[in-house]
Engineer: 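For reference, the structure I am asking about is given below.
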Amino acid sequence: MSTKTTSMREPSTTLGSPWWRKLGRHLVAYAFLLPAILLFALFAWYPAVYGFILGFQRVNLVDAPEWVGLANFRQVVSDPLFFRAWRNTFQYVGLGLLIGFPLPLLLAVLINEMRHFAGYFRLLFYLPVMLPPIAVIYLWRWIYDPGPGLANTLLQALNLPPQPWLQSPQTAILSIVIMTTWAGLGGSMLIYLAALQGVSGELYEAAELEGANPWHRLVYITLPSIRFVVLAMLILQFIGTMQVFTEPFVLTGGGPANATETVALLLYRYAFQYGNYGAAGALGLILFVVLVTLSLLYFRLTRRPD
Amino acid sequence: MQIRTCKSSVEIRYQTIRGLGKGFFALFALLALTQGALAQNQTVVTVDCPPPQDDEAGLAVYRQNVQDFEAANPGVTIEPHEVCWDPATFSARLAGGQIETVFLVQFTDPNGLIARNQAADVTDELKSWEHFDNFNENALRIFQDAEGNIYGVPASGYALGLVYNRTLFEAAGLDPNDPPRTWDEVREYARQLTDRSRGVAGFAQLSTANQGGWHFTAYYYSFGGGELVEQQNGEWVATFNDETGVQVLQMIKDMRWTDEVLTDGVLLTQDNTKELMAAERAAMMIIPAGAVGEMVMQYGVNAEDFGAGPLPQAGGNATLIGGSGLMFSPRASEEQLQAGFDWVAYRYFDPEVLEQQLQADVAADRVVGIPGLPILSGELEERRVALIAQYANVPVENFAPYAEGTAELTLQPEPPIETQQLYQILDSAVQAVLTDRNADPQALLDQAAQQYTTQVLDRVNP
């Protein structure tokens with residue numbers, strides 16, 4: 001005796017059903033997603049879109065906004081600080097990738113090789129990450145003090161000439177990069193360590209049997225295995241450092257002599273120091289376009305043939 | 001079977017809560033309605049920046065003032081908000097309708113606010129005040145637009161001068177009652193005061209947070225440069241990149257690299273230099289004389305160890321004035337503006353209020369007696385001067401050079417177009433000469449002038 005089956009039972013897939021039936025099927029799921037979508041929309045997408053709209057308006061937040069077309073963009077581009085800010089930002093990004101990108105990877109590889117004390121070193125390198133950013137900044141401001149600061153005191157103890165650190169346009173960006181590298185390498189290092197754990201031990205054994213030395217193991221097995229993690233971290237670091245703001249703002253105020261004026265800092269200045277929201281919106285839109293373009297280019301270049 | 005209708009304990013609790021809820025709701029509604037009815041007859045004036053919580057004496061005076069004012073003006077309620085005006089948050093708060101009816105600003109802020117229509121026109125309220133004609137013209141002009149409409153009330157002022165450490169002067173064999181009056185003398189004194197082995201620099205120069213540009217402006221006036229921004233043929237033109245400007249930057253550069261009398265760290269704000277002076281790591285700085293009072297309060301130094309002279313000169317015979325004043329929300333109603341102005345006139349200019357404030361200052365061991373800039377003249381000013389002389393608790397003679405010397409100088413206000421932005425642009429020029437031994441002052445000033453022209457003047461000029 002067969003029981004009643006298909007006619008009363010709902011289909012187990014929604015393939016071929018109209019969209020409203022699909023919605024009904026997954027209503028509970030959408031309901032769970034709704035708060036997150038609303039929050040994102042309100043606090044991330046709406047301000048971003050509004051910021052882009054501001055780029056085409058002149059606002060004083062008292063009267064109605066006035067559409068001014070590309071005037072804000074013209075003003076922003078004609079600011080002598082515009083190209084200086086982009087140059088400083090790219091310099092910062094470049095130094096960050098040169099110094100701050102390989103270091104966590106190197107440390108992770110080294111720690112991964114350790115048998116004893118690995119946990120101790122992991123903690124040691126992660127400690128700076130746990131400090132609040134403002135605390136880090138004030139700590140390093142003292143370290144970089146040209147008189148009694150730790151950096152110059154150490155240099156003098158080693159009979160090396162004291163450096164101006166933050167006080168000179170030539171060394172200011174490098175000083176900030178050293179500070180942010182110190183503050184952030186623990187986090188990246190842990191991510192690389194996790195990725196390294198996933199590399200199969202068999203590959204190493206096979207390589208040893210073939211007579212590979214440690215360098216070969218690193219270059220031909222380790223790095224290719226964690227390739228995706230490394231590339232992902234690269235683009236994340238790139239996008240993050242392009243928007244650097246806190247460190248120049250608190251440490252140097254954009255100085256000395258505009259040597260650490262970055263695009264994000266300039267944007268802040270337009271909006272909150274000069275009250276020129278239109279220019280800030282325009283600069284924000286330009287930054288967005290540049291970042292999107294560079295990101296797309298990056299993904300195109302790193303796309304695997306498969 | 002009988003159906004039981006007794007209530008469970010949960011149901012009873014639920015009903016009680018509902019009942020209480022209805023009761024509270026009714027009570028709140030009643031209160032809200034009555035408040036609403038009361039509020040309709042009241043003009044509420046919100047004000048910002050009351051004395052901070054740790055200033056008990058000042059806060060007590062403030063609360064007393066609020067009470068007395070409300071008693072004398074029955075239709076007005078003063079509601080203090082514990083925030084101070086901040087350019088970074090102002091626009092957002094204005095857009096959100098949260099800006100206070102009356103807010104405190106510095107002298108550098110009004111021209112930007114007026115240009116952006118972000119402050120209310122209070123010409124009528126001011127002109128109908130009995131003491132209107134006694135206002136210091138220089139101070140009042142800061143709150144006026146080109147047509148002479150007034151958008152705020154100056155409340156207190158200062159003139160920049162030279163503050164120095166008398167103890168260090170004596171140690172270097174200099175007369176502490178005779179501060180340097182010219183820039184050449186300053187450099188000479190600084191050379192004698194600098195003692196690297198003890199970590200003492202002769203002079204501390206500001207260069208960050210728009211204060212480098214502020215100093216540049218003051219020095220420019222003292223060199224006789226005139227205005228930094230002038231109207232020529234109906235258009236505003238930047239004129240600070242002339243010979244005088246170059247002389248100013250060259251002097252700062254020489255003090256840094258030739259005389260070597262400046263502090264090691266050169267990215268300094270007022271807070272940094274006050275700290276350096278208090279710690280005796282710097283001997284002289286250019287700052288309003290009132291900074292000594294702030295150092296006493298913040299760092300516990302002795303006021304007797306410090307003195308003040310007028311701004312050193314190099315042919316200009318002028319100094320830069322600054323100060324603070326009150327402006328009004330552009331969204332305020334007529335009644336609120338009038339009530340707000342009455343409050344300002346009472347709180348900032350009434351001699352009895354001043355006396356209460358001075359008594360509180362003395363009781364709190366704060367410095368009283370350092371000369372400032374008179375905002376008013378006439379009877380009110382005479383009473384103010386007499387009261388301050390009565391309650392002064394510093395050796396006033398230490399500040400006599402400042403008072404007498406400044407009285408002989410022309411008091412020039414800050415540049416009239418987007419002052420803060422101009423100062424920020426000039427900051428870079430000052431920082432450049434302080435950090436780069438090969439900096440070219442003329443090139444730096446030309447670049448600054450170009451930046452100011454494209455970013456500010458081109459938007460202002462027709």
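Atoms considered below: every heavy atom in the structure, side chains included; atoms not considered: hydrogens, waters and symmetry mates. Proteins get letters first, then strands, A, B, ... in listed order; numbering begins at 1 in each.
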Engineer: Nearest 0.5 Å, what's the CD1-CG distance between I425(B) and L81(A)?
Structural biologist: 7.5 Å
Engineer: Top residue by heavy-atom pair count (under 4.5 Å) with chain A, among R116(B), Q451(B), Q455(B)?
Structural biologist: Q455(B)
Engineer: Which atoms of Q167(A) come close to chain B, meaning under 4.5 Å heavy atom to heavy atom: side chain ones, backbone ones, both, or neither?
Structural biologist: both
Engineer: What part of T208(B) lies closer than 4.5 angstrom to a heavy atom of chain A: side chain, backbone, both or neither?
Structural biologist: side chain
Engineer: Looking at Y268(A) and A88(B), what are the two nearest heavy atoms and their distance?
Structural biologist: OH-CB, 3.8 Å
Engineer: Checking Y270(A) against chain B: side chain, backbone, both or neither under 4.5 Å from a heavy atom?
Structural biologist: side chain
Engineer: Is it the side chain or the backbone of P87(B) that comes within 4.5 Å of chain A heavy atoms, both, or neither?
Structural biologist: both
Engineer: Which region of Y144(A), side chain (C-beta onward) or backbone (N, CA, C, O), has a non-hydrogen atom less than 4.5 Å from a non-hydrogen atom of chain B, or is it both or neither?
Structural biologist: neither
Engineer: Using only heavy-atom distances, determine whether the side chains of Q424(B) and Y274(A) contain a donor-acceptor pair under 3.5 Å.
Structural biologist: yes
Engineer: For chain B, find its close neighbours in residues 168-184 of chain A: heavy-atom separation under 4.5 Å, sorted by number, or none.
Structural biologist: S168(A), P169(A)
Engineer: Nearest 0.5 Å, please: how far is OG1 in T454(B) from CZ in R74(A)?
Structural biologist: 14.0 Å
Engineer: Could you check if a side-chain atom of R281(B) sits within less than 4.5 angstrom of a side-chain atom of P148(A), using non-hydrogen atoms only?
Structural biologist: yes
Engineer: Considering all heavy atoms of both residues, which atom of A92(B) and which atom of Y277(A) are nearest to each other, and what is their separation?
Structural biologist: N-OH, 3.9 Å
Engineer: So which of A257(A), A71(A), S78(A) has the biggest tally of heavy-atom pairs under 4.5 Å with chain B?
Structural biologist: A257(A)
Engineer: Run R58(A) and R459(B) through side-chain contact (heavy atoms from CB on, under 4.5 Å) and show every step you take.
Structural biologist: CA-CA 12 Å; R58(A) 180 168 292 195; R459(B) 305 178 75 207; 3.7 Å; yes
